[in-house]
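Everything on this sheet refers to the single structure shown next.
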Number of protein chains: 2
Amino acid sequence: MAAAHTDRSSAVKDSIRESARRLFTERGFEATGVRDIAADAGVNPAIVIRHFGSKERLFVLSIDAPAKWQAMLEGPLETLGERATRALLRNQRNGLPIWGAMVRASGRADIHEHLKRSVVALFAETLVDRLDGPDAELRAHLFAAQLVGIMSALVVYDDEFVMSAPVESVVMYYGRSLQLTLTPNIDPGKRQDLT
Amino acid sequence: MAAAHTDRSSAVKDSIRESARRLFTERGFEATGVRDIAADAGVNPAIVIRHFGSKERLFVLSIDAPAKWQAMLEGPLETLGERATRALLRNQRNGLPIWGAMVRASGRADIHEHLKRSVVALFAETLVDRLDGPDAELRAHLFAAQLVGIMSALVVYDDEFVMSAPVESVVMYYGRSLQLTLTPNIDPGKRQDLT
DNA sequence: GTCTATAACGTGATAGAC
DNA sequence: GTCTATCACGTTATAGAC
């Protein structure tokens with residue numbers, strides 16, 4: 001029936017997607033040609049376009065990360081700043097680089113839209129319901145902005161100093177700064193000089 | 001001296017640079033063709049390359065911002081978090097967008113290098129000497145990362161919520177978060193707003 | 001001799017014919 | 001599914017204008 005052909009077809013699609021994800025991560029969006037992906041997947045260049053419509057769409061569809069990052073936001077709010085920082089540092093060689101590629105490719109309308117949704121929907125909207133106090137929505141968005149800041153340091157402009165700094169130090173400073181946005185009225189430190 | 005020839009030549013170069021800056025800012029790096037820039041400046045496409053070597057180099061040379069941003073970091077350290085946030089929000093339609101274009105074009109080696117230097121040299125290294133306490137260098141870099149975060153929200157992934165939020169609210173939350181990285185042991189006394 | 005214009009090359013993505 | 005044509009791009013070779 002159609003099942004056989006569908007299975008074969010989707011096996012090919014998976015194979016293309018996997019090659020795409022690997023190559024996009026390694027070389028970036030525009031340095032990766034459709035021909036390169038096709039060759040890596042062992043298929044003809046034209047069928048890549050035929051299956052995915054465009055190189056742009058293939059890129060978007062080859063990013064899977066969301067589920068993983070969503071998990072990063074779980075757990076108690078009071079220690080989220082620390083845990084999020086730690087999770088990002090842990091993934092700076094694995095999972096994050098594709099995000100760098102997405103930022104760089106965000107001149108393209110589709111990819112820009114996807115990036116926007118990744119940040120806003122995934123980080124900000126996931127969090128807003130759990131935040132207490134005034135301006136919860138704004139604070140969720142600003143938290144997302146701060147995450148993007150350190151992600152950029154790690155995989156967009158490659159700040160070698162941050163990349164090679166002791167994890168515990170980064171967690172201490174950046175984690176606390178994130179935490180201040182999440183829970184501005186609870187002070188994580190000992191010096192609690194609330195007026 | 002060679003003034004006559006230099007004047008004419010540099011007038012053309014200035015004209016090209018200005019068209020380039022405008023178009024790159026409006027449309028981004030790759031959506032702007034060398035032919036577009038040439039047409040806008042009223043010159044032949046080939047002389048654009050002849051004068052600047054490559055489109056990549058022209059892009060880097062058409063960014064002038066550094067001096068302006070350097071000024072942003074001046075003034076008392078104790079209120080820098082607030083002032084920096086305010087300055088960025090004020091420039092979200094003027095001066096910042098070219099930075100977004102630079103981020104998106106950072107797949108190119110030259111532009112990546114320029115972005116890195118813009119962030120690290122301009123923000124972090126300018127500040128490190130003025131920071132007190134432990135881990136001054138790391139904190140300077142993390143401060144830069146936080147700046148990049150909100151800049152990205154404004155001109156890379158275009159977080160409409162942040163873009164249209166009341167300036168004072170953003171200044172309050174993000175400014176304070178930045179300040180915590182700058183002066184972790186001094187607590188600004190404006191905390192009563194939050195309780 | 002330096003600056004400018006014309007025309008062409010190489011390469012990339014993609015659309016259409018077979 | 002495969003092959004080939006098309007079109008736009010950055011860039012260069014070559015030769016003319018001052």
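Residue numbers begin at 1 in each chain, while the letters A, B, ... track the order of the sequences. As the structure is a prediction and not an experimental result, all values here were calculated from the model.
Going from atom NE2 of B:His51 over to atom C1' of C:dT4 covers 8 Å, rounded to whole Å. Distance CG (B:Asp14) to P (C:dC3): 14 Å, rounded to an integer number of Å. Distance, B:Arg50 CZ to C:dT2 P: 9 Å, rounded to whole Å. The distance between atom CD1 of B:Ile47 and atom P of D:dT14, rounded to the nearest whole Å, is 20 Å. We find that CD1 of A:Ile16 is positioned 11 Å from C1' of D:dG1, with the value rounded to whole Å. Spacing between atom CG of B:Leu58 and atom C1' of D:dC9 amounts to 15 Å, rounded to whole angstrom units.
Not counting sequence neighbours, the partners of B:Arg117 by the side chain to side chain contact (heavy atoms under 4.5 Å, CB included) test are B:Glu113. Residues that satisfy the side chain to side chain contact (heavy atoms under 4.5 Å, CB included) test with A:Val171, not counting sequence neighbours, are A:Glu82, A:Thr85, A:Arg86, A:Leu89, A:Val167. In this view, A:Gln70 and A:Leu122, A:Thr126 satisfy the side chain to side chain contact (heavy atoms under 4.5 Å, CB included) rule, not counting sequence neighbours.
Both B:Leu73 and A:Phe161 belong to a single network of hydrophobic side chains, linked directly or stepwise wherever heavy atoms of I, L, V, M, F, W or Y lie under 4.5 Å apart.
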### Query
How does protein reach along nucleotides 6-15 of chain C, written 5' to 3' as B (base within reach of a heavy atom under 4.0 Å), S (only sugar-phosphate), or - (no contact)?
B-B----BS-

Under 3.5 Å, which donor-acceptor pairs link side chains of residues 134-147 of chain B to any protein atom two or more places apart or in another chain?
residue  : atom : partner  : partner atom : Å
B:Asp135 : OD2  : A:Tyr173 : OH           : 2.8
B:Arg139 : NE   : B:Thr181 : O            : 3.1
B:Arg139 : NH1  : B:Asp132 : O            : 2.7
B:Arg139 : NH1  : B:Pro134 : O            : 2.7
B:Arg139 : NH2  : B:Asp132 : O            : 2.9
B:Arg139 : NH2  : B:Leu182 : O            : 2.6
B:His141 : ND1  : A:Asp159 : OD1          : 2.9
B:His141 : ND1  : A:Asp159 : OD2          : 2.6
B:Gln146 : OE1  : B:Thr181 : OG1          : 2.7
B:Gln146 : NE2  : A:Ser177 : OG           : 2.8

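Within the structure, the ring-ring contact (aromatic ring centres under 6.0 Å, His included) test picks out the following pairs touching residues 27-46 of chain A (sequence neighbours left out): A:Phe24-A:Phe29, A:Phe29-A:Phe59.
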